[in-house]
Amino acid sequence: MLSFNQLLWLFCSLAFILLSQCTYAKYLKSSCNTCKQIADNFSKGLDRTKKQNFGGGNTAWEERALSKYETSEIRLVEILENLCDSSSFDCNHMVEEHEDHFETWWFKRQNKHPDLYKWFCVDTIKVCCSTGTFGPDCNACVAGSERPCHGNGVCDGDGTRGGNGRCNCDHGYKGEFCLDCMDGYFNEIRNDTFSLCTECHTSCKTCTGLTNEDCEKCKTGWGEDDEGTCLDVNECLNDPTLCKEDQYCLNTDGSFSCKGCDELCSGCTGAGPDKCQSCAPGYQDTEGTCTDVNECEQTDAVCTAENQECLNNKGSYICICASRYKEQEGVCVKIPEPGNQ
């Protein structure tokens with residue numbers, strides 16, 4: 001049996017290996033992305049300089065004496081100088097490291113290999129692969145390089161020297177070859193090389209067609225009727241205690257939600273003051289709808305202190321000092337007339 005120190009060493013070794021593999025995979029992908037950007041910027045440089053010339057006073061003489069600007073070293077240098085942002089270390093390092101390859105392609109390989117990306121990134125410095133291939137040897141992705149993952153997913157490492165070539169299926173698809181449908185989808189078309197997964201009706205967990213009559217199994221919140229059709233379950237009818245006392249239950253397709261009662265209600269069955277089970281304090285039932293009680297108009301006065309008057313507000317009232325009176329130490333006293341102070 002391994003000792004604790006041996007187990008710890010083994011665990012650390014495995015962790016280091018996994019971390020190294022992950023780091024290396026990121027490096028491979030990053031190197032390919034850098035190379036792609038360089039090739040794209042080179043193409044943009046070609047477009048940018050295609051109508052330029054040597055810039056001297058006698059272009060015709062210069063081109064006779066120094067060769068055409070179109071294929072000149074001067075044009076190449078102008079393009080190379082603008083391939084990378086000054087802050088991009090990886091880009092500038094790759095260009096400097098392989099400057100001789102750019103010169104070889106420019107003067108000797110351009111006519112035979114017009115695709116710089118393929119010649120430079122894939123075939124020469126070998127940091128990328130052609131589309132539909134992956135890994136150190138640029139092997140074909142699952143289902144072949146023409147239609148990786150049968151067109152229903154992305155090949156891991158596609159176009160790079162990294163990855164494992166396995167499929168990351170698009171939403172709705174599953175399986176090694178991305179030909180099978182995930183739950184909630186069905187095969188509208190299917191053969192050995194092609195699969196079209198279409199979404200089921202919202203009530204179906206699995207299905208064979210588009211409608212709620214084609215469900216093989218209903219989703220949670222839906223139930224089968226006698227004919228096998230998936231219909232919404234009204235949770236609000238089945239369990240009226242789902243929500244709190246100051247909320248009402250609102251049924252939705254396949255589920256429910258709890259909504260707050262109107263502020264005029266003390267318990268309710270729906271939205272609005274006409275769905276109250278009873279009215280909140282300060283409100284009264286008026287023909288089935290809770291409305292504000294105007295305490296200030298009641299027979300018995302609610303503001304009984306001297307020189308007070310009642311002011312009604314929603315659900316309550318306040319007692320304020322009458323006009324020309326102000327509150328002073330809890331009582332309403334008359335405001336002195338100007339000149340009588």
Side-chain angles (χ1 to χ4, degrees), residues 131-134 140-159 163-265 267-277 288-289:
T131 301
T133 64
F134 75 98
C141 292
V142 169
S145 60
E146 292 298 317
R147 290 181 70 245
C149 308
H150 294 102
N152 298 325
V154 177
C155 165
D156 184 66
D158 190 355
N164 54 35
R166 290 196 289 266
C167 292
N168 297 310
C169 300
D170 296 337
H171 185 70
Y173 296 85
K174 68 178 183 178
E176 181 182 358
F177 303 102
C178 298
L179 289 172
D180 301 323
C181 300
M182 63 186 293
D183 283 355
Y185 290 77
F186 71 97
N187 271 125
E188 191 168 354
I189 303 173
R190 169 71 186 264
N191 57 40
D192 291 340
T193 60
F194 181 81
S195 173
L196 175 62
C197 291
T198 302
E199 191 169 7
C200 299
H201 186 271
T202 187
S203 64
C204 305
K205 183 174 182 181
T206 57
C207 69
T208 57
L210 287 170
T211 73
N212 60 341
E213 298 175 354
D214 300 314
C215 301
E216 294 178 321
K217 187 175 181 180
C218 300
K219 285 182 182 176
T220 302
W222 303 80
E224 275 190 18
D225 66 5
D226 295 338
E227 296 178 355
T229 300
C230 287
L231 300 176
D232 174 51
V233 173
N234 191 336
E235 295 86 354
C236 300
L237 292 178
N238 294 345
D239 186 359
T241 63
L242 287 170
C243 300
K244 298 177 182 178
E245 289 185 4
D246 59 346
Q247 296 178 326
Y248 66 93
C249 183
L250 179 65
N251 188 57
T252 58
D253 285 345
S255 187
F256 70 95
S257 61
C258 293
K259 302 290 185 179
C261 294
D262 192 283
E263 62 179 6
L264 279 63
C265 299
C268 65
T269 58
D274 58 336
K275 295 294 191 295
C276 300
Q277 291 176 325
T289 300

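Side-chain atoms are counted along with the backbone in the values below, which use heavy atoms only and exclude waters and symmetry mates.
Applying the 6.0 Å contact sphere to CG of Asn191 captures more than 12 heavy atoms from other residues, nucleotides or ligands.
Under the 2.5 Å SG-SG cutoff, Cys276 and Cys265 qualify as a close cysteine pair. Cys215 has its SG atom 2.5 Å or further from the SG atom of Cys207.
Listed by first then second residue, pairs satisfying ring-ring contact (aromatic ring centres under 6.0 Å, His included) with a partner in residues 192-229 number zero, not counting sequence neighbours. Sequence neighbours left out, not one pair with a member in residues 145-158 passes side chain to side chain donor-acceptor pair (under 3.5 Å). The salt bridge (Lys or Arg N to Asp or Glu O under 4.0 Å) analysis of residues 221-230, with sequence neighbours excluded, yields no pairs.
Separation of atoms CD (Gln247) and OG (Ser257) is listed at 9.5 Å; rounding is to 0.5 Å. In this structure, Cys268 SG and Asp262 CG are separated by 8.0 Å, a value rounded to the nearest 0.5 Å. To the nearest 0.5 Å, atom CG of residue Leu196 and atom CG of residue Leu179 are 11.5 Å apart. Leu250 contributes atom CG, which lies 12.0 Å from atom CG of Leu242 (distance to the nearest 0.5 angstrom). Residue Cys230 holds its SG atom at 7.0 Å from CG of Asn212, rounded to the nearest 0.5 Å. Atom OG of Ser203 is separated from atom CG of Asp253 by 9.0 Å, given to the nearest 0.5 angstrom.
With sequence neighbours left out, Asp180 forms a salt bridge (Lys or Arg N to Asp or Glu O under 4.0 Å) with Arg190. For Thr229, there are no side chain to side chain donor-acceptor pair (under 3.5 Å) partners at least two apart in sequence or on another chain. Under the side chain to side chain contact (heavy atoms under 4.5 Å, CB included) criterion, Phe134 pairs with Asn139, Cys141, Cys155, not counting sequence neighbours. Residues that satisfy the side chain to side chain donor-acceptor pair (under 3.5 Å) test with Asp214, not counting sequence neighbours, are Thr211. Partners of Asp232 by side chain to side chain donor-acceptor pair (under 3.5 Å), not counting sequence neighbours, listed by chain and number: Asn251. With sequence neighbours excluded, the residues forming a side chain to side chain contact (heavy atoms under 4.5 Å, CB included) with Glu216 are Thr206, Thr208, listed by chain and number. Among residues two or more places apart in sequence or in another chain, the ring pair (Phe, Tyr, Trp, His ring centres under 6.0 Å) test is passed with Phe186 by none. Among residues two or more places apart in sequence or in another chain, the side chain to side chain donor-acceptor pair (under 3.5 Å) test is passed with Thr198 by Glu188.
Looking only at side-chain heavy atoms (C-beta outward), Cys249 and Cys243 come within less than 4.5 Å of each other.
Nearest heavy atoms, Gly132 versus Pro148: CA-CG, 3.7 Å.
Judged by distance alone, with hydrogens and angles left aside, the side-chain atoms of Lys205 form no donor-acceptor pair with the main-chain N or O of Asp183 at under 3.5 Å.
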For residues 166-177, dump all side-chain donor-acceptor pairs below 3.5 Å to protein atoms at least two apart in sequence or in another chain.
| from | atom 1 | to | atom 2 | distance (Å) |
| --- | --- | --- | --- | --- |
| His171 | NE2 | Tyr185 | OH | 3.2 |
| Tyr173 | OH | Cys197 | N | 3.0 |

